[in-house]
Amino acid sequence: RDWHPLNHCSFKPQGGPWPIHCVQGTPGAQFHAYLALPKNTVIISSAYDPRTEAYSGFDGTDLASRLTKQGIQQILVGGLATEYCVKSTVLDGLKAGFKVYFLSDASRAINAKPEDEKKAVEKMVAAGARSLTLDEILPRLASK
């Protein structure tokens, strides 16, 4: 999860490019009410250092080592924003040796430029990620 302190370097008041968002402990940083997380869920927070920008879930976290220790070889990635955090997490997951699935219908882009999302998806797929929808993946997960 994106977990910023209020004085994060990426925020406009500190000279960064982004409006204030996902501030630690605020409603804007909460998971959606319909997201059902198992009781044993481990939440990995990123971008919590006010001086360091982090777009990937792997940036400054122990995510790769946790997944590897558990024998996980494949990851599903979705979220906001496709052309920033999602793309960075997908590419870092591939670099770390995981098989990565980009969940296209569980992601949204900002599209500051009209083709940003399209270019991001093309880059993820070219790097080795597979683009899937929840309708394609959920039946597989339910059968396990």
Visitor: Taking all non-hydrogen atoms of both residues, which atom of S107 and which atom of G78 are closest, and how far apart?
Guide: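 In terms of heavy atoms, the two residues are closest at OG-CA, 3.2 Å.
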Visitor: So, S65 side chain and D62 main chain: donor-acceptor pair closer than 3.5 Å or not?
Guide: yes
Visitor: For the residue pair S45 and R1, what are the closest heavy atoms and their distance?
Guide: OG-NE, 2.8 Å
Visitor: Supply the atom-to-atom distance F98 CZ to D92 CG, rounded to the nearest 0.5 angstrom.
Guide: 11.0 Å
Visitor: Rounded to the nearest 0.5 Å, what separation is found between the NZ atom of K119 and the NZ atom of K87?
Guide: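 The NZ atom of K87 is 10.0 Å from NZ of K119, to the nearest 0.5 Å.
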Visitor: Is it the case that the side chain of T89 and the backbone of G57 share a donor-acceptor pair, with hydrogens and angles ignored and the cut-off at 3.5 Å?
Guide: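 Yes; judged by distance alone, with no hydrogens or angles, the pair exists.
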Visitor: According to a 4.5 Å side-chain heavy-atom criterion applied to Ile, Leu, Val, Met, Phe, Trp and Tyr, with indirect links allowed, do V86 and L76 form part of one hydrophobic cluster?
Guide: no
Visitor: Once you round to the nearest 0.5 Å, how far does CG of D49 lie from NE2 of H4?
Guide: 11.5 Å
Visitor: Going from CG on L134 to OG on S104, what distance comes out if it is rounded to the nearest 0.5 angstrom?
Guide: 8.0 Å
Visitor: How long is the span from the CD atom in Q14 to the SG atom in C9, to the nearest 0.5 Å?
Guide: 8.5 Å
Visitor: If hydrophobic clusters are built from ILVMFWY residues whose side chains come within less than 4.5 Å, do I72 and L63 share one?
Guide: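 Cluster IDs for I72 and L63 match.
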Visitor: Would a distance-only check, ignoring hydrogens and angles, find a side-chain to backbone donor-acceptor pair under 3.5 Å from T26 to V23?
Guide: yes
Visitor: List for me each residue that meets side chain to side chain contact (heavy atoms under 4.5 Å, CB included) alongside P5, sequence neighbours excluded, and say none if there are none.
Guide: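 Only N7, H8, Q24, P50 meet the side chain to side chain contact (heavy atoms under 4.5 Å, CB included) criterion with P5.
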Visitor: Tell me which donor-acceptor pairs under 3.5 Å the side chains of residues 27-36 have, and how far apart each pair is, sequence neighbours excluded?
Guide:
unit_1, atom_1, unit_2, atom_2, d
H32, ND1, Y34, N, 2.9

Visitor: Over all heavy atoms of both residues, which pair between D105 and T133 is shortest? Give the atoms and the distance, please.
Guide: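 Where D105 meets T133 most closely, the heavy atoms are OD1-CA, 3.3 Å.
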Visitor: Does any pair with a residue in residues 42-81 pass ring-ring contact (aromatic ring centres under 6.0 Å, His included), and if so which ones, sequence neighbours excluded?
Guide: Y55-Y84
Visitor: Hydrophobic cluster membership, with links at side-chain heavy-atom distances under 4.5 Å among I/L/V/M/F/W/Y: are L67 and V77 in one?
Guide: yes
Visitor: Identify the two heavy atoms, one from L91 and one from A127, that lie closest to each other, and give their separation to 0.1 Å.
Guide: CD2-CB, 3.6 Å
Visitor: Provide the closest heavy-atom pair for F102 versus T82 in the form atom of the first, atom of the second, distance.
Guide: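 Scanning both residues, the minimum pair turns out to be CZ-CG2, 3.8 Å.
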Visitor: Between N111 and E117, is there a donor-acceptor pair closer than 3.5 Å when you use the side chain of the first and the backbone of the second?
Guide: yes
Visitor: When rounded to the nearest 0.5 angstrom, what is the spacing between CD1 in I110 and NZ in K113?
Guide: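 Answer rounded to 0.5 Å: 12.5 Å.
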Visitor: Quick one: do I75 and V90 end up in the same hydrophobic cluster if we chain Ile, Leu, Val, Met, Phe, Trp and Tyr together by side-chain heavy atoms under 4.5 Å apart?
Guide: yes
